[in-house]
Protein chains: 2
Amino acid sequence: MQKQETLTKNQKIILDLIEKSDQPLKAYSILFDVKKKGINAPLQVYRALDKLVKIGKIHKIESRNAFIACKNSKCQIANATIFSICESCEDVTEIHDHKLSEHLRDFKDNKGMKYNKYNLEFFGLCKKCV
Amino acid sequence: MQKQETLTKNQKIILDLIEKSDQPLKAYSILFDVKKKGINAPLQVYRALDKLVKIGKIHKIESRNAFIACKNSKCQIANATIFSICESCEDVTEIHDHKLSEHLRDFKDNKGMKYNKYNLEFFGLCKKCV
DNA sequence: TTATAAATGTTATATTATTACACAGCGTTA
DNA sequence: TAACGCTGTGTAATAATATAACATTTATAA
Ligand SMILES: [Zn+2]
Ligand SMILES: [Zn+2]
Ligand SMILES: [Zn+2]
Ligand SMILES: [Zn+2]
């Protein structure tokens with residue numbers, strides 16, 4: 001099997017849900033919401049999430065154990081994510097900053113690590129919460 | 001009570017253990033190891049971990065749910081961490097790169113977020129695992 | 001068509017983290 | 001001294017997050 005072009009039923013259901021939310025969703029809240037669509041078990045959710053993360057349709061916010069849709073339609077950057085997180089209202093925004101991305105992409109440590117991915121999370125207070 | 005200078009018994013026990021390991025430890029593995037010292041419950045571990053994170057003695061590797069000691073004796077950077085993580089052997093190293101840190105510290109988005117913390121995790125393969 | 005990779009459905013279980021409550025120790029200050 | 005606030009402790013219970021194992025089905029490739 002080559003690269004899968006079309007999403008499967010479960011993957012579509014779960015991606016739809018995540019895309020409708022502009023904020024990250026947690027796995028068990030997703031599970032709760034898709035039970036009416038016949039998805040009954042955590043594993044079904046986690047499998048779809050894994051796949052969607054892998055193909056870059058969604059990203060995991062590691063510090064929150066939550067998943068957010070990628071708005072960048074041509075997301076080549078499943079492996080290069082930057083987020084801004086408000087610690088008061090928990091609002092999360094994906095950041096696309098060319099200069100910063102470049103800097104991170106080009107970063108080399110002094111140990112000969114071969115990087116293929118990074119995830120950066122900024123924390124603070126958003127305008128509304130300052 | 002002012003800022004606490006000295007660590008408490010539980011905090012010391014747990015920091016000692018983490019400092020002895022050059023790799024991240026998980027909360028329940030810590031719990032297992034400190035049972036012989038009279039720490040019996042998860043909460044006792046998590047409370048110590050929270051405190052140690054807060055004062056910058058250790059850092060949490062978010063993508064691994066694990067905790068590593070900060071080697072930087074004067075760590076003013078509890079709130080500005082960069083890690084390199086090998087996805088094969090799971091070796092984790094804290095990175096201190098002045099230029100990159102500066103770049104991250106100075107980063108401003110276009111939404112008026114007021115940042116006070118960031119965490120960056122690089123993933124890839126270390127020299128041994130390439 | 002046959003082999004194989006990917007996805008599904010289900011049950012059970014493992015792992016990570018928090019809530020709730022009672023109490024002890026220390027420093028401040030009334 | 002006594003009252004108070006703050007931080008930490010100990011314990012039990014439970015919540016939240018994630019994976020293992022197994023049987024089956026579907027999609028693609030040769
Ligand atoms: Zn994205
Ligand atoms: Zn906010
Ligand atoms: Zn550090
Ligand atoms: Zn390695």
Side-chain angles (χ1 to χ4, degrees), chain A residues 1-18 21 23-68 87 90 92 119 121, chain B residues 1-18 21 23-68 87 90 92 119 121:
Chain A
M1 195 185 266
Q2 279 297 72
K3 220 173 228 168
Q4 190 185 346
E5 295 299 326
T6 56
L7 298 176
T8 66
K9 178 173 142 286
N10 287 3
Q11 290 161 7
K12 257 179 255 162
I13 291 170
I14 287 172
L15 177 57
D16 275 2
L17 183 68
I18 297 176
S21 165
Q23 287 302 302
L25 298 180
K26 310 202 129 209
Y28 277 73
S29 115
I30 292 171
L31 175 58
F32 179 87
D33 286 345
V34 299
K35 280 213 162 139
K36 44 185 170 271
K37 305 233 176 184
I39 294 178
N40 299 299
L43 194 46
Q44 296 176 286
V45 172
Y46 280 105
R47 286 199 281 227
L49 289 173
D50 282 351
K51 183 60 188 287
L52 293 169
V53 165
K54 205 167 289 169
I55 64 179
K57 292 289 190 183
I58 64 174
H59 304 301
K60 181 171 188 181
I61 312 297
E62 291 289 355
S63 65
R64 298 299 185 260
N65 301 315
F67 300 83
I68 194 168
E87 291 184 303
E90 289 294 321
V92 173
N119 177 57
E121 299 180 4
Chain B
M1 199 185 266
Q2 280 296 71
K3 221 173 225 165
Q4 192 183 347
E5 295 298 325
T6 59
L7 298 176
T8 66
K9 178 174 143 284
N10 287 3
Q11 290 162 8
K12 257 182 252 161
I13 290 171
I14 286 173
L15 178 57
D16 275 2
L17 183 68
I18 298 176
S21 165
Q23 286 304 302
L25 298 180
K26 310 202 128 208
Y28 277 73
S29 116
I30 292 170
L31 175 57
F32 179 86
D33 286 345
V34 298
K35 281 214 162 138
K36 44 184 170 274
K37 305 232 176 184
I39 295 180
N40 300 301
L43 192 48
Q44 296 176 288
V45 173
Y46 280 106
R47 286 199 280 224
L49 290 173
D50 283 351
K51 182 61 189 286
L52 293 169
V53 165
K54 203 167 291 170
I55 64 179
K57 291 289 190 183
I58 65 174
H59 303 303
K60 180 170 187 182
I61 312 297
E62 291 289 355
S63 65
R64 299 300 186 260
N65 301 314
F67 301 84
I68 195 168
E87 291 185 301
E90 291 292 322
V92 173
N119 177 57
E121 299 181 4

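Throughout, protein chains are lettered first and strands after them, A, B, ... in sequence-line order, and every chain is numbered starting at 1.
For the pair B:Leu31 CG and C:dA17 P, the computed distance is 13 Å after rounding to whole Å. A:Lys51 places its NZ atom 13 Å from the P atom of D:dA27, with the value rounded to the nearest Å. Taking atom NZ of residue A:Lys54 and atom P of nucleotide C:dA5, one finds them 15 Å apart after rounding to whole Å. Between the NZ atom of A:Lys12 and the P atom of C:dA6 there is a distance of 18 Å, given to the nearest Å. In this structure, CG of B:Leu52 is placed 16 Å from P of D:dT7, rounded to the nearest angstrom. Nucleotide D:dG8 holds its P atom 10 Å from the CG atom of B:Leu7, rounded to whole Å.
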B:Ile68/B:Lys60 under side chain to side chain contact (heavy atoms under 4.5 Å, CB included): CA gap, chis, key distance, verdict: CA-CA 6 Å; B:Ile68 195 168; B:Lys60 180 170 187 182; over 6 Å; no
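Between A:His59 atom NE2 and A:Ile18 atom CD1 the span is 11.5 Å, to the nearest 0.5 Å. The CG atom of B:Asn10 sits 12.5 Å away from atom CG of B:Leu15, with the distance rounded to the nearest 0.5 Å. Remark: B:Ser21 OG to B:Phe67 CZ distance equals 13.0 Å, nearest 0.5 Å. Here A:Ile14 contributes atom CD1 and A:Thr8 contributes atom OG1; the two are 8.5 Å apart, rounded to the nearest 0.5 Å.
Partners of A:Glu121 according to the side chain to side chain donor-acceptor pair (under 3.5 Å) rule, which considers only residues two or more places apart in sequence or in another chain, are A:Ser63, A:Asn119. Listed by chain and number, the residues in a side-chain contact (heavy atoms from CB on, under 4.5 Å) with B:Glu87 are A:Asn116, A:Lys117, B:Arg64, B:Phe123 (sequence neighbours excluded).
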Result block: side-chain N/O donor-acceptor pairs under 3.5 angstrom for residues 30-44 of chain B, not counting sequence neighbours:
unit_1, atom_1, unit_2, atom_2, d
B:Lys36, NZ, B:Asp33, O, 3.2
B:Asn40, ND2, B:Gly38, O, 3.3
B:Gln44, OE1, B:Asn40, N, 2.8
B:Gln44, OE1, B:Ala41, N, 2.9

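Defining each end axis of the helix from C:dT1-D:dA30 to C:dA30-D:dT1 as the rotation carrying four pairs' C1' atoms onto the next four, with five pairs an end, the two axes are found to diverge by 30° to 10 degrees.
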Reading 5' to 3' through nucleotides 8-16 of chain C, protein heavy-atom contacts under 4.0 Å coded B for base, S for sugar-phosphate only, - for none: BBBB----B
